Amino acid sequence: MTNQKIQIQQILRDNKNWGNFMQVKLYNTLTKTKEEFKPIDNKEVKIYTCGPTVYSYAHIGNFRAYIFMDNIRRVLKYNGYDLKHVMNITDVGHLESDADEGEDKMEKAARKENKNPYEIAKYYESMFFRDIERLNIEKPETIARATEHIPEMIEYVQKLIDNGYAYETSRGIYFDISKLDKYPVLSNRNIDDQIAGARVEVDKEKRNPYDFAIWIKAPENHIMKWESPWGLSYPGWHLECSTMGRRFLGEEFDIHTGGVDHIPTHHENEIAQSKGATGKIPAHVWMHCEYLQVDGGKMSKSLGNTYTISQLQEKGISPLAFKLFCFTAHYRNKLNFTFEGAYGAQKALERLYDSYVKNVNGADDVEEDVIKEYEEKFLSYINDDMNMPGAMSVVWDIARNTKKSAKFANLLLKFDEVLGLDMKNAEKYLVKFKQNDSEELPAEIKKLVEERKNARAEKNWAKSDEIRDKIISLGYSIKDTKDGIIVKKEN
Ligand code: AMP
Ligand code: ZN
């Protein structure tokens, strides 16, 4: 957005002149409606995102949720807002089942890999951020690790006990949901029905079946544990987010994001805790990203269909092509991942880059009104609860336009503030796959070229050289030029 436009938006906002202001609309899971977004502070938007549990490589389903997070950031920034955004790293306390059952995922992974859970956390966190960078996802302003906020968490538990919302059992400190005016508030589940239908009540010490652990007493062999008024123990996952949200954003902030699986338990329980500690629901808007499915079904380790970003790269699908693939569905709809679809996105991304480069060098004249119309259409889509498929339809209209103009290139660059497809470096991604316009390179060579590109992006020069040698041994030459990578069959 131009500086002048941002200033106008700012004045309208400051005067709460919402009517004349190009309002951002967001769907709020709490009210189950699409609402006009009105931040608490007119300028700075405060956001909390539930981050990864770092016990394993994050998969492409997880990254759909972080691409969604990136969209929220970029759309708000495009509208002239500053952000104060916190994402946590869950490095302790996330049990195998979200409902307090099973082992801590970190400890289980540590045992399996014969490592210390702290090493596991450090390694998978670094792998997570490596992929975040590959996807050109903006990193939130604050990254908060659970293990670095234990004293604040103990304080939070104590407050809940003092306020009469929590009690001690032999397993830990539990939240008493019967003390709340209403539970649940976020999901539609009817807990009376569920209680009536429940087959067994596992923990006889709990006052109510839906009471949940906020603080867990550590078994002897649990490595991650801390001294507390309740003995050696560790935090519950829900408590971590409530504590860190309050620590960095205060008792009330604007937006809380996560995946749809967070609605019935994790976010419900975060709200319960905040109501117990401060009397308030912490966030005004609760936003949730639907699932990425694979071949029309669930993604799961046992089905062997949980792909990582690296695995896609090995198959010639770049991280940014996966990002573009995610824009084919609205975040509130399920998205079905297939390799066919992903290869399609790869081709589409190359076409988009190609169009951008042609527009940079294009000499056609385009009326200002045409640019303005595209701009307004794009803005109305992104501000309508982040309608990315709609926004992409505008992008494709421009890319397919037979006119090629520097004005279009500038517009695509501007839209890329929201898309984050690294358009300014389009040239770098373009591979001249064709020796001449009629001869396609074989798939095997294309794949190697893609792998070499990835190795170079990661400054893995040894791997890049190794792949180049392989390409040459197959009878092709490969050159990096200012116009992109040129691959040719040698005679
Ligand atoms: P976790 O690391 O398991 O806590 O999950 C990280 C994020 O990924 C959470 O926001 C989840 O809701 C989200 N998530 C997990 N599986 C999927 C999926 N298949 N599609 C979309 N989001 C997912
Ligand atoms: Zn969380």
Side-chain angles (χ1 to χ4, degrees), residues 29 47-72 86-98 102 104-106 108-109 120-121 124-125 127-129 131-132 135 137 140 143-146 149 153 186 212 214 235-249 253 255-274 282-283 286-301 303 305-309 322-323 325-326 329-337:
T29 312
I47 313 173
Y48 187 93
T49 293
C50 286
T53 307
V54 283
Y55 69 106
S56 172
Y57 291 105
H59 55 62
I60 54 174
N62 301 133
F63 283 113
R64 184 186 186 200
Y66 298 109
I67 288 170
F68 153 74
M69 169 191 93
D70 190 51
N71 286 160
I72 300 175
V86 179
M87 180 175 74
N88 69 292
I89 300 289
T90 302
D91 51 2
V92 64
H94 194 163
L95 304 190
E96 284 171 282
S97 132
D98 288 358
D104 185 321
K105 291 184 184 188
M106 299 302 307
K108 190 175 174 188
I120 294 280
Y124 288 114
E125 182 189 313
M127 290 296 105
F128 173 77
F129 283 115
D131 286 347
I132 285 283
L135 287 159
I137 290 174
I143 302 297
R145 289 177 198 86
H149 296 86
M153 291 177 198
L186 203 55
F212 57 89
I214 54 179
W237 175 38
H238 320 308
L239 181 87
E240 296 174 4
C241 285
S242 287
T243 306
M244 292 187 283
R246 191 177 66 158
R247 154 88 171 74
F248 291 102
L249 301 175
F253 49 91
I255 303 174
H256 198 309
T257 86
V260 280
D261 54 326
H262 289 158
I263 300 172
T265 311
H266 184 50
H267 288 173
E268 198 64 79
N269 292 348
E270 264 190 58
I271 291 176
Q273 290 165 157
S274 292
W286 292 77
M287 296 179 70
H288 297 96
C289 174
E290 248 300 351
Y291 261 178
L292 180 77
Q293 297 187 317
V294 173
D295 294 327
K298 198 173 163 347
M299 208 188 315
S300 84
K301 288 224 169 78
L303 293 170
N305 63 4
T306 53
Y307 305 108
T308 61
I309 293 296
F322 174 68
K323 194 178 202 184
F325 176 78
C326 289
H330 190 272
Y331 77 86
R332 285 198 287 124
N333 291 331
K334 288 192 177 63
L335 172 61
N336 186 32
F337 178 87

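Remember, it's 1-based here, ligands and their atoms both numbered in the order they're listed. Note: hydrogens, waters and symmetry copies are ignored here, and every other heavy atom, side chains too, is used. Quick note: residue numbers are just sequence positions, from 1. Just so it is clear, the structure is predicted and the values come from calculations on it, not from any experiment.
- From Cys289, atom SG reaches atom CZ of Phe63 across 13.0 Å, with rounding to the nearest 0.5 Å.
- At least one donor-acceptor pair under 3.5 Å links the side chain of Arg64 to the backbone N or O of Tyr291.
- Checked against side-chain hydrogen bond (donor to acceptor under 3.5 Å, both in side chains), Glu96 has the following partners two or more places apart in sequence or in another chain: Lys108.
- If you check each of Gly259, Ser56, Gly61 against atom 22 (N) of ligand 1, the one with the closest non-hydrogen atom is Gly61.
- Less than 2.8 Å away from the Zn ion (ligand 2), the protein contributes these N/O/S atoms: Cys50 SG, Cys241 SG, His266 NE2.
- Atoms of ligand 1 found under 4.0 Å from any heavy atom of Met299 (numbered from 1 in listed order, with element): 19 (N).
- With sequence neighbours excluded, the residues forming a side-chain contact (heavy atoms from CB on, under 4.5 Å) with Lys334 are Glu290, Gln293, listed by chain and number.
- Taking CE of Met287 as the start and CD1 of Ile255 as the end, the distance is 6.0 Å to the nearest 0.5 Å.
- Under the rule for a side-chain hydrogen bond (donor to acceptor under 3.5 Å, both in side chains), Thr243 has no partner lying at least two apart in sequence or in another chain.
- Ring pair His262/Trp237: centre-to-centre distance below 6.0 Å.
- Residue contacts with ligand 1 for Glu290 involve N, CA, C or O but no side-chain atom from C-beta outward (heavy atoms, distance under 4.0 Å).
- Considering both main-chain and side-chain atoms, Thr53 comes within under 3.5 Å of ligand 1 through a nitrogen or oxygen pair.
- The part of Asp261 lying near ligand 1 is the side chain, judged by heavy-atom distances below 4.0 Å.
- Of the protein's heavy atoms, Tyr291 CD2, 3.1 Å lies nearest to atom 18 (C) of ligand 1.
- Any N or O atom pair closer than 3.5 Å counts here, and Asn62 shares at least one such pair with ligand 1.
- A donor atom on one side chain and an acceptor atom on the other are not found under 3.5 Å apart for Thr306 and His59.
- Outside the 6.0 Å centre-distance limit, the rings of Tyr57 and Tyr307 are not counted as a close aromatic pair.
- With ligand atoms numbered from 1 in the order given, ligand 1 contributes 16 (N) to contacts under 4.0 Å with heavy atoms of His59.
- Note: His149 and Phe248 meet the aromatic proximity criterion, with ring centroids under 6.0 Å apart.
- When only interatomic distances are considered, the shortest N/O to N/O separation between Pro52 and ligand 1 does not fall below 3.5 Å.
- Between Cys50 and ligand 1, no N or O atom pair is found at a separation short of 3.5 Å.
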